[in-house]
Amino acid sequence: MLDAIIIGFSRSAVEELSRQKGEPEWMLQKRLQAWDIYESMPAPLGRRGDLGTLRMFSNFKFQQLSPYVPTNGNGALPAPIEQSLKEALVDQRAGLVVQLNASVVQIELDEELKRQGVILTDLDSAVRDYPELVQQYFMTTCVPVNSTKYTALHAAFWSGGVFLYIPKGVEIDDPILTQIWIDAPATATFAHTLIIADEQSSMRYVEEHNSAFDGDQPSLLDNVVEVYVKNAAHVEFSNMQDLGLNVWNITNKNAVHEKDGSTTWVLADLGSKVMLSDIGLGLAGNGSAGELVGVFFTDHDQRYSLNTLSDHASTATNAETLVKGVLSDESRVEFIGMIRIRPKAQQTASFLSDHTLLLSDKCRAESIPSLEIGANEVSASHGATTGKIDEEQLFYLMVRGIPREEAERIIVQGFFEPVLQRIPLENLRTRLRQSIVRRMSGSYETEADTWVDAQERWEVEGVDEYAISFDGKPDEEEIKLAEY
(Lines give C-alpha, C1' and ligand atoms only; values in the text may rest on other atoms or scores of the structure.)
Protein backbone atom coordinates (compact mmCIF):
# COMPACT_ATOMS: atom_id res chain seq x y z
CA MET A 1 0.00 0.00 0.00
CA LEU A 2 1.28 3.46 -0.86
CA ASP A 3 2.11 5.93 1.87
CA ALA A 4 0.26 9.19 2.37
CA ILE A 5 1.77 12.22 0.64
CA ILE A 6 2.62 15.12 2.90
CA ILE A 7 0.07 17.94 3.02
CA GLY A 8 0.35 20.51 0.25
CA PHE A 9 1.08 20.52 -3.48
CA SER A 10 4.67 20.77 -4.70
CA ARG A 11 7.05 19.45 -7.32
CA SER A 12 8.59 17.10 -4.76
CA ALA A 13 5.10 15.75 -3.94
CA VAL A 14 4.61 14.96 -7.65
CA GLU A 15 7.92 13.09 -7.75
CA GLU A 16 7.12 11.19 -4.56
CA LEU A 17 3.70 10.12 -5.84
CA SER A 18 5.14 8.85 -9.12
CA ARG A 19 7.99 7.07 -7.29
CA GLN A 20 5.62 5.27 -4.92
CA LYS A 21 3.49 4.13 -7.86
CA GLY A 22 6.56 2.81 -9.70
CA GLU A 23 5.58 4.65 -12.86
CA PRO A 24 7.66 4.67 -16.05
CA GLU A 25 9.79 7.70 -16.78
CA TRP A 26 7.44 9.06 -19.47
CA MET A 27 4.55 9.39 -17.00
CA LEU A 28 6.77 11.10 -14.42
CA GLN A 29 7.83 13.61 -17.07
CA LYS A 30 4.21 14.17 -18.06
CA ARG A 31 3.33 14.86 -14.43
CA LEU A 32 6.24 17.26 -14.00
CA GLN A 33 5.37 19.14 -17.19
CA ALA A 34 1.82 19.47 -15.92
CA TRP A 35 3.11 20.83 -12.60
CA ASP A 36 5.17 23.45 -14.43
CA ILE A 37 2.07 24.49 -16.38
CA TYR A 38 0.05 24.68 -13.16
CA GLU A 39 2.61 26.96 -11.53
CA SER A 40 2.87 29.23 -14.58
CA MET A 41 -0.88 29.74 -15.10
CA PRO A 42 -2.81 32.30 -13.07
CA ALA A 43 -5.99 31.24 -11.30
CA PRO A 44 -9.04 32.17 -13.40
CA LEU A 45 -10.99 34.95 -11.71
CA GLY A 46 -14.01 35.21 -13.98
CA ARG A 47 -15.27 38.43 -15.50
CA ARG A 48 -16.39 41.61 -13.83
CA GLY A 49 -19.95 41.41 -12.57
CA ASP A 50 -20.27 37.61 -12.46
CA LEU A 51 -21.44 35.69 -9.40
CA GLY A 52 -17.95 35.00 -8.05
CA THR A 53 -17.65 31.21 -8.26
CA LEU A 54 -14.24 31.27 -9.97
CA ARG A 55 -12.97 33.82 -7.47
CA MET A 56 -14.03 31.50 -4.63
CA PHE A 57 -11.88 28.75 -6.14
CA SER A 58 -8.96 31.15 -6.48
CA ASN A 59 -9.17 31.72 -2.72
CA PHE A 60 -9.56 28.03 -1.87
CA LYS A 61 -6.78 26.77 0.43
CA PHE A 62 -5.37 24.01 -1.78
CA GLN A 63 -2.17 23.82 0.26
CA GLN A 64 -4.09 22.56 3.30
CA LEU A 65 -5.09 19.36 1.46
CA SER A 66 -3.34 16.03 1.23
CA PRO A 67 -2.78 15.26 -2.48
CA TYR A 68 -2.80 11.49 -1.92
CA VAL A 69 -4.45 9.48 0.88
CA PRO A 70 -4.12 5.68 0.79
CA THR A 71 -7.12 3.44 1.26
CA ASN A 72 -7.32 0.64 3.79
CA GLY A 73 -6.44 -2.48 1.86
CA ASN A 74 -8.37 -5.05 3.90
CA GLY A 75 -10.76 -5.68 1.00
CA ALA A 76 -13.99 -4.74 2.76
CA LEU A 77 -15.96 -1.83 1.36
CA PRO A 78 -17.29 0.76 3.82
CA ALA A 79 -20.97 0.42 4.70
CA PRO A 80 -22.09 3.55 2.77
CA ILE A 81 -20.56 2.18 -0.43
CA GLU A 82 -22.11 -1.25 0.06
CA GLN A 83 -25.51 0.38 0.55
CA SER A 84 -25.01 2.64 -2.45
CA LEU A 85 -24.18 -0.30 -4.71
CA LYS A 86 -27.49 -1.89 -3.70
CA GLU A 87 -29.28 1.33 -4.68
CA ALA A 88 -27.14 2.05 -7.76
CA LEU A 89 -28.49 3.78 -10.84
CA VAL A 90 -28.34 0.53 -12.82
CA ASP A 91 -30.07 -2.77 -12.02
CA GLN A 92 -27.97 -4.93 -14.31
CA ARG A 93 -24.43 -3.96 -15.18
CA ALA A 94 -21.71 -5.23 -17.48
CA GLY A 95 -18.90 -3.93 -15.30
CA LEU A 96 -18.14 -2.11 -12.06
CA VAL A 97 -15.37 0.16 -10.80
CA VAL A 98 -15.28 1.58 -7.27
CA GLN A 99 -12.78 4.28 -6.35
CA LEU A 100 -12.38 5.33 -2.71
CA ASN A 101 -10.40 8.54 -2.32
CA ALA A 102 -7.26 8.11 -4.45
CA SER A 103 -7.43 4.34 -5.01
CA VAL A 104 -9.53 1.93 -7.06
CA VAL A 105 -10.70 -0.75 -4.64
CA GLN A 106 -12.93 -2.93 -6.82
CA ILE A 107 -13.14 -3.85 -10.53
CA GLU A 108 -15.56 -6.25 -12.21
CA LEU A 109 -16.17 -7.03 -15.89
CA ASP A 110 -18.42 -9.54 -17.60
CA GLU A 111 -16.43 -12.58 -18.78
CA GLU A 112 -17.98 -12.53 -22.25
CA LEU A 113 -16.86 -8.92 -22.73
CA LYS A 114 -13.33 -9.89 -21.70
CA ARG A 115 -13.34 -12.58 -24.41
CA GLN A 116 -14.43 -9.93 -26.92
CA GLY A 117 -11.42 -7.80 -26.04
CA VAL A 118 -13.01 -5.16 -23.81
CA ILE A 119 -10.50 -3.68 -21.37
CA LEU A 120 -11.71 -2.29 -18.04
CA THR A 121 -9.05 -1.50 -15.48
CA ASP A 122 -7.74 1.25 -13.26
CA LEU A 123 -5.65 3.89 -14.98
CA ASP A 124 -2.64 3.13 -12.78
CA SER A 125 -2.56 -0.42 -14.21
CA ALA A 126 -3.19 0.83 -17.74
CA VAL A 127 -0.05 2.98 -17.57
CA ARG A 128 1.95 -0.22 -17.07
CA ASP A 129 -0.06 -2.66 -19.21
CA TYR A 130 -1.20 -0.47 -22.15
CA PRO A 131 1.37 2.34 -22.31
CA GLU A 132 0.92 2.96 -26.04
CA LEU A 133 -2.79 3.73 -25.62
CA VAL A 134 -2.34 5.87 -22.51
CA GLN A 135 0.46 7.91 -24.09
CA GLN A 136 -1.67 8.53 -27.17
CA TYR A 137 -4.90 9.53 -25.46
CA PHE A 138 -4.25 10.70 -21.88
CA MET A 139 -4.85 14.48 -21.76
CA THR A 140 -3.59 15.11 -25.29
CA THR A 141 -6.45 16.26 -27.54
CA CYS A 142 -9.67 15.63 -25.60
CA VAL A 143 -8.89 17.54 -22.38
CA PRO A 144 -5.38 18.93 -22.90
CA VAL A 145 -3.22 19.42 -19.83
CA ASN A 146 -3.14 23.19 -20.33
CA SER A 147 -6.91 23.62 -20.70
CA THR A 148 -7.08 25.36 -17.31
CA LYS A 149 -4.94 25.74 -14.22
CA TYR A 150 -7.02 23.04 -12.55
CA THR A 151 -6.65 20.49 -15.36
CA ALA A 152 -2.88 20.97 -15.07
CA LEU A 153 -3.10 20.27 -11.33
CA HIS A 154 -5.16 17.18 -12.13
CA ALA A 155 -2.57 15.94 -14.65
CA ALA A 156 0.17 16.31 -12.07
CA PHE A 157 -1.62 14.46 -9.22
CA TRP A 158 -4.17 12.09 -10.81
CA SER A 159 -4.49 8.71 -9.11
CA GLY A 160 -6.69 5.64 -9.49
CA GLY A 161 -9.04 6.41 -12.34
CA VAL A 162 -10.75 4.28 -14.98
CA PHE A 163 -9.44 3.03 -18.32
CA LEU A 164 -12.04 1.56 -20.68
CA TYR A 165 -11.41 0.33 -24.23
CA ILE A 166 -14.19 -1.09 -26.44
CA PRO A 167 -12.90 -2.92 -29.55
CA LYS A 168 -14.23 -2.40 -33.05
CA GLY A 169 -17.82 -3.57 -33.55
CA VAL A 170 -18.45 -4.55 -29.92
CA GLU A 171 -21.81 -3.47 -28.53
CA ILE A 172 -22.26 -3.43 -24.74
CA ASP A 173 -25.93 -3.49 -23.83
CA ASP A 174 -25.81 -3.27 -20.02
CA PRO A 175 -24.19 -0.18 -18.48
CA ILE A 176 -20.76 -0.10 -16.89
CA LEU A 177 -21.00 1.54 -13.47
CA THR A 178 -18.34 3.56 -11.68
CA GLN A 179 -18.70 4.98 -8.18
CA ILE A 180 -16.22 7.55 -6.88
CA TRP A 181 -16.27 8.10 -3.12
CA ILE A 182 -14.57 10.52 -0.74
CA ASP A 183 -14.63 9.63 2.96
CA ALA A 184 -11.73 11.68 4.35
CA PRO A 185 -11.64 15.41 5.15
CA ALA A 186 -8.86 17.75 3.96
CA THR A 187 -7.99 15.49 1.02
CA ALA A 188 -7.78 15.95 -2.74
CA THR A 189 -9.03 13.26 -5.11
CA PHE A 190 -8.03 13.40 -8.77
CA ALA A 191 -10.15 10.74 -10.48
CA HIS A 192 -9.63 10.32 -14.22
CA THR A 193 -11.91 8.49 -16.67
CA LEU A 194 -10.48 7.60 -20.09
CA ILE A 195 -12.85 5.89 -22.55
CA ILE A 196 -11.88 4.80 -26.07
CA ALA A 197 -14.78 3.52 -28.19
CA ASP A 198 -13.37 1.99 -31.38
CA GLU A 199 -15.16 1.99 -34.74
CA GLN A 200 -18.82 0.88 -34.82
CA SER A 201 -18.85 0.10 -31.11
CA SER A 202 -21.45 1.25 -28.58
CA MET A 203 -21.71 1.34 -24.82
CA ARG A 204 -23.42 2.96 -21.84
CA TYR A 205 -21.39 4.28 -18.95
CA VAL A 206 -22.69 5.52 -15.59
CA GLU A 207 -20.60 7.43 -13.08
CA GLU A 208 -21.66 8.48 -9.57
CA HIS A 209 -19.83 10.93 -7.30
CA ASN A 210 -20.54 10.64 -3.56
CA SER A 211 -18.98 11.51 -0.22
CA ALA A 212 -19.37 10.17 3.32
CA PHE A 213 -17.65 12.19 6.03
CA ASP A 214 -18.73 14.76 8.60
CA GLY A 215 -17.36 18.12 9.61
CA ASP A 216 -16.70 21.44 7.95
CA GLN A 217 -13.13 20.72 6.88
CA PRO A 218 -13.43 20.63 3.07
CA SER A 219 -12.12 18.09 0.59
CA LEU A 220 -11.65 18.47 -3.17
CA LEU A 221 -12.70 16.30 -6.11
CA ASP A 222 -10.92 17.41 -9.30
CA ASN A 223 -12.00 14.90 -11.94
CA VAL A 224 -11.50 14.70 -15.71
CA VAL A 225 -13.47 12.61 -18.21
CA GLU A 226 -12.12 11.99 -21.73
CA VAL A 227 -14.20 10.13 -24.30
CA TYR A 228 -12.79 9.24 -27.74
CA VAL A 229 -15.52 8.21 -30.17
CA LYS A 230 -14.22 6.56 -33.34
CA ASN A 231 -16.03 6.20 -36.69
CA ALA A 232 -19.74 5.37 -36.27
CA ALA A 233 -19.31 4.60 -32.56
CA HIS A 234 -21.76 5.71 -29.88
CA VAL A 235 -21.21 6.44 -26.18
CA GLU A 236 -23.88 7.30 -23.64
CA PHE A 237 -22.38 8.81 -20.49
CA SER A 238 -24.57 9.46 -17.44
CA ASN A 239 -23.20 11.20 -14.37
CA MET A 240 -24.88 11.96 -11.03
CA GLN A 241 -22.98 14.23 -8.64
CA ASP A 242 -24.37 14.15 -5.10
CA LEU A 243 -21.35 15.15 -3.02
CA GLY A 244 -21.74 16.57 0.47
CA LEU A 245 -21.62 20.29 1.18
CA ASN A 246 -18.12 19.83 2.61
CA VAL A 247 -16.70 18.91 -0.81
CA TRP A 248 -15.58 21.29 -3.55
CA ASN A 249 -15.80 19.93 -7.09
CA ILE A 250 -13.96 20.74 -10.31
CA THR A 251 -14.96 18.66 -13.31
CA ASN A 252 -13.90 18.72 -16.96
CA LYS A 253 -15.63 16.43 -19.44
CA ASN A 254 -15.15 16.31 -23.19
CA ALA A 255 -15.83 13.95 -26.08
CA VAL A 256 -13.94 13.95 -29.39
CA HIS A 257 -15.77 12.44 -32.36
CA GLU A 258 -14.62 10.97 -35.65
CA LYS A 259 -16.86 10.47 -38.71
CA ASP A 260 -20.48 9.61 -37.77
CA GLY A 261 -19.57 9.18 -34.11
CA SER A 262 -22.08 10.26 -31.49
CA THR A 263 -22.21 10.93 -27.74
CA THR A 264 -24.97 11.58 -25.24
CA TRP A 265 -24.10 13.35 -22.00
CA VAL A 266 -26.64 13.03 -19.18
CA LEU A 267 -25.60 15.16 -16.21
CA ALA A 268 -27.32 15.58 -12.85
CA ASP A 269 -25.73 17.91 -10.30
CA LEU A 270 -27.21 18.11 -6.83
CA GLY A 271 -24.34 18.26 -4.35
CA SER A 272 -21.00 19.89 -3.44
CA LYS A 273 -20.37 23.23 -1.78
CA VAL A 274 -18.88 24.85 -4.88
CA MET A 275 -18.71 23.35 -8.37
CA LEU A 276 -16.84 24.42 -11.49
CA SER A 277 -18.01 22.32 -14.45
CA ASP A 278 -16.84 22.35 -18.10
CA ILE A 279 -18.53 19.94 -20.53
CA GLY A 280 -17.73 19.77 -24.23
CA LEU A 281 -18.66 18.10 -27.49
CA GLY A 282 -15.81 18.13 -29.99
CA LEU A 283 -17.49 17.37 -33.33
CA ALA A 284 -14.38 16.89 -35.45
CA GLY A 285 -15.69 14.22 -37.84
CA ASN A 286 -18.15 14.65 -40.68
CA GLY A 287 -21.66 13.63 -39.66
CA SER A 288 -20.83 13.42 -35.96
CA ALA A 289 -23.49 14.28 -33.39
CA GLY A 290 -23.73 15.11 -29.72
CA GLU A 291 -26.45 15.63 -27.12
CA LEU A 292 -26.17 17.12 -23.65
CA VAL A 293 -29.05 16.86 -21.18
CA GLY A 294 -28.45 18.41 -17.77
CA VAL A 295 -30.42 19.10 -14.58
CA PHE A 296 -29.38 20.73 -11.33
CA PHE A 297 -30.96 21.68 -8.01
CA THR A 298 -29.13 23.95 -5.57
CA ASP A 299 -30.01 25.11 -2.06
CA HIS A 300 -28.32 26.49 1.09
CA ASP A 301 -25.35 28.59 -0.13
CA GLN A 302 -24.16 26.33 -2.96
CA ARG A 303 -22.26 27.93 -5.84
CA TYR A 304 -22.17 26.45 -9.36
CA SER A 305 -20.42 27.60 -12.51
CA LEU A 306 -21.58 25.53 -15.51
CA ASN A 307 -19.95 25.88 -18.92
CA THR A 308 -20.93 23.92 -22.04
CA LEU A 309 -19.37 23.93 -25.51
CA SER A 310 -20.60 22.45 -28.78
CA ASP A 311 -17.56 22.76 -31.04
CA HIS A 312 -18.47 22.09 -34.69
CA ALA A 313 -15.38 21.59 -36.87
CA SER A 314 -16.63 19.42 -39.76
CA THR A 315 -19.46 19.10 -42.26
CA ALA A 316 -23.01 18.02 -41.36
CA THR A 317 -22.57 17.86 -37.60
CA ASN A 318 -25.42 18.10 -35.11
CA ALA A 319 -25.64 19.04 -31.45
CA GLU A 320 -28.28 19.88 -28.87
CA THR A 321 -27.85 21.15 -25.32
CA LEU A 322 -30.77 21.29 -22.89
CA VAL A 323 -30.18 22.31 -19.26
CA LYS A 324 -32.80 22.93 -16.58
CA GLY A 325 -32.25 23.88 -12.98
CA VAL A 326 -33.92 25.12 -9.82
CA LEU A 327 -32.36 27.36 -7.17
CA SER A 328 -33.50 27.98 -3.62
CA ASP A 329 -32.22 29.56 -0.39
CA GLU A 330 -29.06 31.62 -1.07
CA SER A 331 -27.55 29.49 -3.83
CA ARG A 332 -26.00 30.93 -6.99
CA VAL A 333 -25.58 29.41 -10.44
CA GLU A 334 -23.78 30.76 -13.48
CA PHE A 335 -24.43 29.08 -16.83
CA ILE A 336 -22.40 29.89 -19.93
CA GLY A 337 -23.29 27.87 -23.03
CA MET A 338 -21.40 28.22 -26.28
CA ILE A 339 -22.12 27.00 -29.82
CA ARG A 340 -18.95 27.37 -31.91
CA ILE A 341 -19.23 26.72 -35.64
CA ARG A 342 -15.88 26.81 -37.41
CA PRO A 343 -15.45 28.04 -41.03
CA LYS A 344 -15.47 24.55 -42.60
CA ALA A 345 -18.45 23.30 -40.57
CA GLN A 346 -21.12 23.76 -43.24
CA GLN A 347 -24.54 22.09 -42.93
CA THR A 348 -24.36 22.32 -39.14
CA ALA A 349 -27.44 22.12 -36.92
CA SER A 350 -26.94 23.15 -33.31
CA PHE A 351 -29.34 24.18 -30.57
CA LEU A 352 -28.86 25.37 -27.00
CA SER A 353 -31.40 26.17 -24.28
CA ASP A 354 -31.14 26.80 -20.55
CA HIS A 355 -34.10 27.35 -18.22
CA THR A 356 -33.73 28.30 -14.56
CA LEU A 357 -36.42 28.55 -11.90
CA LEU A 358 -35.90 30.65 -8.76
CA LEU A 359 -37.67 29.64 -5.54
CA SER A 360 -36.17 32.26 -3.25
CA ASP A 361 -35.68 36.01 -3.19
CA LYS A 362 -32.06 35.49 -2.11
CA CYS A 363 -30.87 33.06 -4.79
CA ARG A 364 -29.27 34.34 -7.98
CA ALA A 365 -28.81 32.89 -11.46
CA GLU A 366 -27.04 34.17 -14.52
CA SER A 367 -27.42 32.52 -17.94
CA ILE A 368 -25.35 33.50 -20.98
CA PRO A 369 -26.02 31.47 -24.15
CA SER A 370 -23.59 32.36 -26.93
CA LEU A 371 -22.92 31.78 -30.62
CA GLU A 372 -19.72 31.96 -32.68
CA ILE A 373 -20.56 31.25 -36.31
CA GLY A 374 -17.88 31.05 -38.98
CA ALA A 375 -19.88 29.26 -41.70
CA ASN A 376 -22.88 30.39 -43.70
CA GLU A 377 -24.85 27.20 -44.34
CA VAL A 378 -25.93 26.46 -40.79
CA SER A 379 -28.95 26.28 -38.52
CA ALA A 380 -28.19 27.45 -35.00
CA SER A 381 -30.29 28.88 -32.20
CA HIS A 382 -29.88 29.54 -28.50
CA GLY A 383 -31.95 30.88 -25.64
CA ALA A 384 -32.30 31.08 -21.88
CA THR A 385 -34.98 31.94 -19.34
CA THR A 386 -34.63 32.81 -15.67
CA GLY A 387 -37.45 33.76 -13.33
CA LYS A 388 -39.73 32.83 -10.48
CA ILE A 389 -42.78 30.56 -10.53
CA ASP A 390 -45.67 32.10 -12.40
CA GLU A 391 -48.25 33.27 -9.85
CA GLU A 392 -51.11 32.41 -12.21
CA GLN A 393 -50.08 28.76 -12.19
CA LEU A 394 -49.90 28.83 -8.39
CA PHE A 395 -53.38 30.36 -8.32
CA TYR A 396 -54.68 27.66 -10.66
CA LEU A 397 -53.61 24.98 -8.17
CA MET A 398 -54.36 26.78 -4.91
CA VAL A 399 -58.01 27.53 -5.75
CA ARG A 400 -58.42 23.76 -6.02
CA GLY A 401 -57.46 23.37 -2.40
CA ILE A 402 -53.77 22.59 -2.80
CA PRO A 403 -51.52 24.30 -0.20
CA ARG A 404 -48.97 26.70 -1.60
CA GLU A 405 -45.94 24.54 -0.75
CA GLU A 406 -47.43 21.50 -2.48
CA ALA A 407 -48.46 23.63 -5.45
CA GLU A 408 -44.89 24.89 -5.83
CA ARG A 409 -43.61 21.32 -5.67
CA ILE A 410 -46.00 20.19 -8.38
CA ILE A 411 -44.95 23.06 -10.64
CA VAL A 412 -41.27 22.27 -10.09
CA GLN A 413 -41.99 18.66 -10.98
CA GLY A 414 -43.66 19.74 -14.19
CA PHE A 415 -40.76 22.10 -14.94
CA PHE A 416 -38.24 19.25 -14.70
CA GLU A 417 -40.33 16.49 -16.28
CA PRO A 418 -39.71 17.25 -20.00
CA VAL A 419 -35.96 16.98 -19.52
CA LEU A 420 -36.20 14.01 -17.14
CA GLN A 421 -38.12 12.13 -19.83
CA ARG A 422 -35.06 12.43 -22.05
CA ILE A 423 -32.85 10.64 -19.52
CA PRO A 424 -32.47 7.02 -20.72
CA LEU A 425 -31.84 5.47 -17.28
CA GLU A 426 -35.09 4.89 -15.42
CA ASN A 427 -33.29 4.56 -12.06
CA LEU A 428 -31.61 7.93 -12.58
CA ARG A 429 -34.96 9.55 -13.32
CA THR A 430 -36.40 8.01 -10.14
CA ARG A 431 -33.44 9.11 -8.00
CA LEU A 432 -33.67 12.66 -9.31
CA ARG A 433 -37.40 12.86 -8.67
CA GLN A 434 -36.96 11.62 -5.12
CA SER A 435 -34.09 14.02 -4.47
CA ILE A 436 -36.11 16.97 -5.75
CA VAL A 437 -39.09 16.05 -3.58
CA ARG A 438 -36.87 15.65 -0.49
CA ARG A 439 -35.28 19.04 -1.02
CA MET A 440 -38.61 20.79 -1.40
CA SER A 441 -40.56 18.95 1.32
CA GLY A 442 -37.77 18.25 3.78
CA SER A 443 -38.77 14.59 4.09
CA TYR A 444 -38.73 11.41 2.06
CA GLU A 445 -41.91 10.49 0.23
CA THR A 446 -42.50 7.86 -2.40
CA GLU A 447 -42.27 8.83 -6.04
CA ALA A 448 -45.81 7.63 -6.75
CA ASP A 449 -47.34 9.85 -4.05
CA THR A 450 -45.42 12.98 -4.88
CA TRP A 451 -44.73 12.87 -8.60
CA VAL A 452 -46.86 10.77 -10.92
CA ASP A 453 -50.16 10.84 -9.05
CA ALA A 454 -49.95 14.56 -8.41
CA GLN A 455 -49.57 15.36 -12.07
CA GLU A 456 -52.23 12.94 -13.24
CA ARG A 457 -54.72 14.09 -10.60
CA TRP A 458 -54.47 17.79 -11.28
CA GLU A 459 -53.61 17.53 -14.98
CA VAL A 460 -51.02 20.28 -14.78
CA GLU A 461 -50.08 21.35 -18.29
CA GLY A 462 -47.59 23.83 -19.64
CA VAL A 463 -45.39 23.85 -16.55
CA ASP A 464 -42.10 23.35 -18.29
CA GLU A 465 -40.07 26.46 -19.09
CA TYR A 466 -43.39 28.35 -19.17
CA ALA A 467 -43.60 27.97 -15.40
CA ILE A 468 -41.24 30.94 -15.23
CA SER A 469 -42.69 34.39 -14.75
CA PHE A 470 -40.78 37.43 -15.97
CA ASP A 471 -43.19 39.95 -14.47
CA GLY A 472 -42.29 42.16 -11.57
CA LYS A 473 -43.89 42.00 -8.15
CA PRO A 474 -47.70 41.91 -8.27
CA ASP A 475 -49.56 45.07 -7.51
CA GLU A 476 -50.77 45.50 -3.95
CA GLU A 477 -54.40 45.31 -4.98
CA GLU A 478 -53.93 41.86 -6.50
CA ILE A 479 -55.00 38.80 -4.53
CA LYS A 480 -52.37 37.61 -2.08
CA LEU A 481 -52.32 33.87 -2.68
CA ALA A 482 -50.69 33.15 0.66
CA GLU A 483 -54.00 33.94 2.32
CA TYR A 484 -55.67 30.87 0.82
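Predicted model only: the values in this text are computed from it and were never measured. Counting from 1, the numbers follow the sequence of the chain as shown.
Within the 4.5 Å cutoff, no side-chain heavy atoms of T264 are placed close to those of E320. Counting heavy atoms from C-beta outward, I166 and I119 have side chains that stay 4.5 Å or more apart. In this structure, the side chains of V247 and I182 come closer than 4.5 Å at one or more pairs of heavy atoms.
Using modelled atom types and a 3.5 Å distance limit, the side chains of T193 and E207 yield a donor-acceptor pair. Remark: the W181 side chain and the Q179 side chain contain an N/O donor-acceptor pair separated by less than 3.5 Å. Between S219 and T187, the side chains place a donor N or O and an acceptor N or O closer than 3.5 Å (distance only, hydrogens not considered). Under 3.5 Å, the side chains of K273 and N249 contain no donor-acceptor pair of N or O atoms. Residues N376 and Q346 bring a donor and an acceptor atom of their side chains to less than 3.5 Å of each other. E334 and T53 form a side-chain donor-acceptor contact under 3.5 Å, judged by distance and modelled atom types alone. Checked by atom type, the side-chain pair E417/Q413 shows no donor-acceptor distance below 3.5 Å. Checking T189 against N101 by side-chain atom types alone, no donor-acceptor pair falls below 3.5 Å. Checked by atom type, the side-chain pair E25/Q29 shows a donor-acceptor distance below 3.5 Å.
Checked for salt-bridge contact, D198 and K230 miss the test: no charged N lies under 4.0 Å from a carboxylate O. Salt-bridge check for E23 with R31: passed, with a basic side-chain N closer than 4.0 Å to an acidic carboxylate O. With respect to the salt-bridge test (charged N to carboxylate O, under 4.0 angstrom), the residues E366 and R332 do not qualify. Using a 4.0 Å cut-off between charged side-chain N and carboxylate O, E171 and R204 make no salt bridge. Using a 4.0 Å cut-off between a side-chain N of Lys or Arg and a carboxylate O of Asp or Glu, R431 and E208 qualify as a salt bridge. Ion pairing between R11 and D36 holds under the 4.0 Å rule for side-chain N and carboxylate O. Note on D124 versus K21: salt bridge recorded, some NZ/NE/NH1/NH2 to OD/OE distance being below 4.0 Å.
Separation of the Y68 and F157 ring centroids does not fall under the 6.0 Å cut-off.
Among all heavy-atom pairs drawn from G337 and T308, the shortest one is CA-OG1, 3.3 Å. Nearest heavy atom pair, residue S367 against residue T356, reads OG-OG1, 3.8 Å. When all heavy atoms are compared, the tightest approach of S125 to T121 is CB-OG1, 3.5 Å. Residues R364 and L51 come closest through the heavy atom pair NH2-CD2, 3.2 Å. Closest heavy-atom contact between A188 and L65: CB-CD1, 4.1 Å. When all heavy atoms are compared, the tightest approach of P424 to R429 is O-NH1, 3.6 Å.
Between the side chain of H234 and the backbone N or O of S262, at least one donor-acceptor pair lies under 3.5 Å. Here the side chain of S66 pairs no donor or acceptor atom with the backbone of V69 at under 3.5 angstrom. A donor-acceptor pair is defined here as one N or O able to donate and one able to accept, closer than 3.5 Å; no such pair exists between the side chain of N231 and the backbone of E199. At distances below 3.5 Å, not a single donor-acceptor pair connects side-chain atoms of R93 with backbone N or O atoms of D91. Under a 3.5 Å cut-off, the side chain of Y228 and the backbone N or O of C142 do form a donor-acceptor pair.
Between F9 and F190, the two ring planes are perpendicular [angle over 60°; tilted spans 30° to 60°].
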Please lay out, stage by stage, how E132 and Q136 fare under the test side chain to side chain donor-acceptor pair (under 3.5 Å). CA-CA 6 Å; E132 66 288 346; Q136 180 180 354; over 6 Å; no
Stepwise side chain to side chain donor-acceptor pair (under 3.5 Å) test for S331 and T298: CA-CA 6 Å; S331 59; T298 59; 2.8 Å; yes
Worked verdict on D311 versus R342 for salt bridge (Lys or Arg N to Asp or Glu O under 4.0 Å): CA-CA 8 Å; D311 191 1; R342 300 183 183 272; 2.9 Å; yes
Begin from the C-alpha positions of K86 and S84 and carry the test side chain to side chain donor-acceptor pair (under 3.5 Å) through to its verdict. CA-CA 5 Å; K86 295 177 182 178; S84 178; over 6 Å; no
I would like to know whether S370 and H382 meet side chain to side chain donor-acceptor pair (under 3.5 Å); could you show each step before the answer? CA-CA 7 Å; S370 308; H382 67 305; over 6 Å; no
Under 3.5 Å, side-chain donor or acceptor atoms of residues 106-113 against the rest of the protein: list the pairs with distances, not counting sequence neighbours.
{"residue": "Q106", "atom": "NE2", "partner": "E108", "partner atom": "OE2", "Å": "2.7"}
{"residue": "D110", "atom": "OD2", "partner": "E112", "partner atom": "N", "Å": "3.0"}
{"residue": "D110", "atom": "OD2", "partner": "L113", "partner atom": "N", "Å": "3.4"}
{"residue": "E111", "atom": "OE2", "partner": "K114", "partner atom": "NZ", "Å": "3.4"}
{"residue": "E112", "atom": "OE1", "partner": "R115", "partner atom": "NE", "Å": "3.3"}
{"residue": "E112", "atom": "OE1", "partner": "R115", "partner atom": "NH2", "Å": "3.0"}
{"residue": "E112", "atom": "OE2", "partner": "Q116", "partner atom": "NE2", "Å": "3.4"}

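Atom CD of E87 has more than 12 neighbouring heavy atoms from other residues, nucleotides or ligands inside a 6.0 Å radius.
A ring-ring contact (aromatic ring centres under 6.0 Å, His included) with F138 is found for one member of W158, Y130, W26 and no other, namely W158. Of the candidates T178, V266, N427, L425, V206 forms a side chain to side chain contact (heavy atoms under 4.5 Å, CB included) with just one, namely L425.
For the pair K324 and F296, the cation-pi criterion (under 6.0 Å, within 45° of the ring axis) is not fulfilled.
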